[in-house]
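Remarks on the structure that follows.
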Amino acid sequence: MTRHEIDPATLAPGGVYKLVNACVVPRAIAWVSSRSADGVDNLAPHSYFTVVSVDPPMIAFTSVGWKDSAANIDATGEFVVNMAAGGFEDDINATSTDFPAGISEFDAVGIEREPSRRVIPPRVAQSPVALECRKVDITPIGNCHLVIGEVLHVAIDEATSEPDPVTQRHPRPDAIHPLARLGRNEWAHFGTTFDLKRVPYRKWLEKQSSRGE
């Protein structure tokens, strides 16, 4: 292997952003719906998205710069993370357009709303999974803002999920076809899945011991 060594400080403006995006892949897309203090519904995709706590359940996404999603959540304290599913690539991408703050992406793009159960911002009716959240914190980090929310309610499409004794419903990725972002303008569809259980240390030792016999 021949590596090309890169010092981030030597890259042109925007170079680090593009390089890191291409290295941290695939990235799940949080299709975030929020409502401004003036009552305008906003909808935008954010691909810096992850789980940050399981008890209580919390998720986080990063706003690169201070955008409408972060501003609305800061003002009202609520938002919804809608899962970005295959088949809606054009709609999701269209909601990343830099519409003026007074224009709702729901209306401009033609996205159907669905009432939420625990928060005021609407859910995306076509999204198979919706996480209704209450703002926990918004922290400035560099030129970005980390938005953390506690999950108050989960809504899952029964057609693309199956019963589960622990979670009640388990979303099926082979039915949802979740979308992911890569580098440049690259996106990815859901690929192959396989089960791989964690190995307890005792089992690992037994396996290593049997190999040495």
Side-chain angles (χ1 to χ4, degrees), residues 24 27-85 88 91-92 95-96 98-109 111-158 160-161 164 166-171 173 176 178-181:
V24 183
R27 300 188 309 280
I29 302 169
W31 205 9
V32 179
S33 52
S34 61
R35 179 170 290 178
S36 72
D38 296 329
V40 178
D41 293 331
N42 179 266
L43 182 62
H46 295 268
S47 67
Y48 293 180
F49 168 53
T50 191
V51 177
V52 295
S53 171
V54 294
D55 188 14
M58 296 185 190
I59 54 86
F61 72 90
T62 297
S63 173
V64 180
W66 188 249
K67 297 179 179 178
D68 290 341
S69 296
N72 292 348
I73 295 166
D74 189 47
T76 66
E78 297 179 338
F79 63 101
V80 180
V81 171
N82 305 276
M83 180 179 285
F88 301 105
D91 287 345
I92 296 167
T95 60
S96 67
D98 57 342
F99 293 105
I103 295 179
S104 169
E105 288 80 3
F106 278 95
D107 299 329
V109 180
I111 305 297
E112 183 181 354
R113 294 169 173 83
E114 176 181 271
S116 295
R117 291 288 185 92
R118 297 286 303 277
V119 298
I120 291 176
R123 306 189 299 224
V124 173
Q126 66 199 42
S127 176
V129 177
L131 308 176
E132 300 181 14
C133 303
R134 174 175 56 210
K135 180 188 77 173
V136 173
D137 190 31
I138 299 181
T139 303
I141 302 177
N143 68 339
C144 300
H145 292 80
L146 179 66
V147 180
I148 300 176
E150 179 180 355
V151 179
L152 304 179
H153 185 76
V154 181
I156 300 177
D157 174 29
E158 292 187 355
T160 55
S161 64
D164 184 274
V166 176
T167 65
Q168 296 184 21
R169 301 295 301 186
H170 178 75
I176 294 173
L179 292 170
R181 286 287 279 119

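Values in this document were obtained by computation on a predicted structure and should not be read as measured data.
- With hydrogens and angles disregarded, a donor-acceptor distance shorter than 3.5 Å links the side chain of N82 to the backbone of V124.
- At a threshold of 4.5 Å between non-hydrogen side-chain atoms, the residues L43 and V32 do not count as touching.
- With a 4.5 Å cut-off on side-chain heavy atoms, D107 and F99 do not count as touching.
- For residues 42-77, the pairs satisfying ring pair (Phe, Tyr, Trp, His ring centres under 6.0 Å) are H46-F61, F61-F79, W66-H145, with sequence neighbours left out.
- Among all heavy-atom pairs drawn from E78 and I73, the shortest one is O-CG1, 3.8 Å.
- Side-chain atoms of S36 come within 3.5 Å of backbone N or O of D38 as a donor-acceptor pair.
- Around the CD1 atom of I120, the shell of radius 6.0 Å holds no more than 12 heavy atoms that belong to other residues, nucleotides or ligands.
- Distance CG/N42 to OG/S69: 4.5 Å, rounded to 0.5 Å.
- Pairing each heavy atom of I148 with each of A60, the nearest pair is CG1-CB, 4.0 Å.
- Using a 4.5 Å heavy-atom cutoff, the side chains of L146 and I138 are not in contact.
- Residues that satisfy the side-chain contact (heavy atoms from CB on, under 4.5 Å) test with P45, not counting sequence neighbours, are I29, W31, I92, T95, S96.
- Pairs passing the ring pair (Phe, Tyr, Trp, His ring centres under 6.0 Å) check and including a residue from residues 115-134, sequence neighbours excluded, do not occur.
- Under the 3.5 Å distance criterion, the side-chain polar atoms of S47 are left unmatched by any main-chain donor or acceptor of R27.
- Summarising the geometry of V166 relative to D164, their closest heavy-atom pair is N-OD1, 2.8 Å, with the distance given to 0.1 Å.
- No side-chain heavy atom of V80 sits less than 4.5 Å from a side-chain heavy atom of L131.
- Residues passing the side chain to side chain donor-acceptor pair (under 3.5 Å) test with T76, sequence neighbours excluded: none.
- Closest non-hydrogen pair, P121 versus S33, comes out as CB-O, 3.8 Å.
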- prompt: Given the rule in the side chain to side chain contact (heavy atoms under 4.5 Å, CB included) test, do V40 and I103 qualify, once you have shown the distances and angles that lead to the verdict?
  reply: CA-CA 7 Å; V40 178; I103 295 179; over 6 Å; no

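- Here salt bridge (charged side-chain N to carboxylate O under 4.0 Å, His left out) pairs that include residues 129-153, with residues two or more places apart or in two chains, are D74-K135, R123-E132, R134-E150.
- Between A85 and P128 the shortest heavy-atom distance is CB-CD, 3.7 Å.
- The main-chain N or O of M58 is never found under 3.5 Å from a side-chain atom of S53 such that the two would form a donor-acceptor pair.
- Taken to the nearest 0.5 Å, the SG atom of C133 stands 11.0 Å off from the CZ atom of R118.
- The CG atom of D98 sits 9.5 Å away from atom NZ of K67, with the distance rounded to the nearest 0.5 Å.
- Taking all atoms of both residues into account, the shortest heavy-atom contact from C144 to T62 is CB-CG2, 3.5 Å.
- In this structure, the separation between CD1 on I141 and OG on S63 is 11.5 Å, given to the nearest 0.5 Å.
- Identified under the salt bridge (charged side-chain N to carboxylate O under 4.0 Å, His left out) test for residues 41-55, with sequence neighbours left out: R35-D41, D41-R113.
- Side-chain atoms of I111 and D91, non-hydrogen and from C-beta on, do get closer than 4.5 Å to each other.
- A 4.5 Å side-chain heavy-atom check between S161 and H170 finds every atom pair outside the cut-off.
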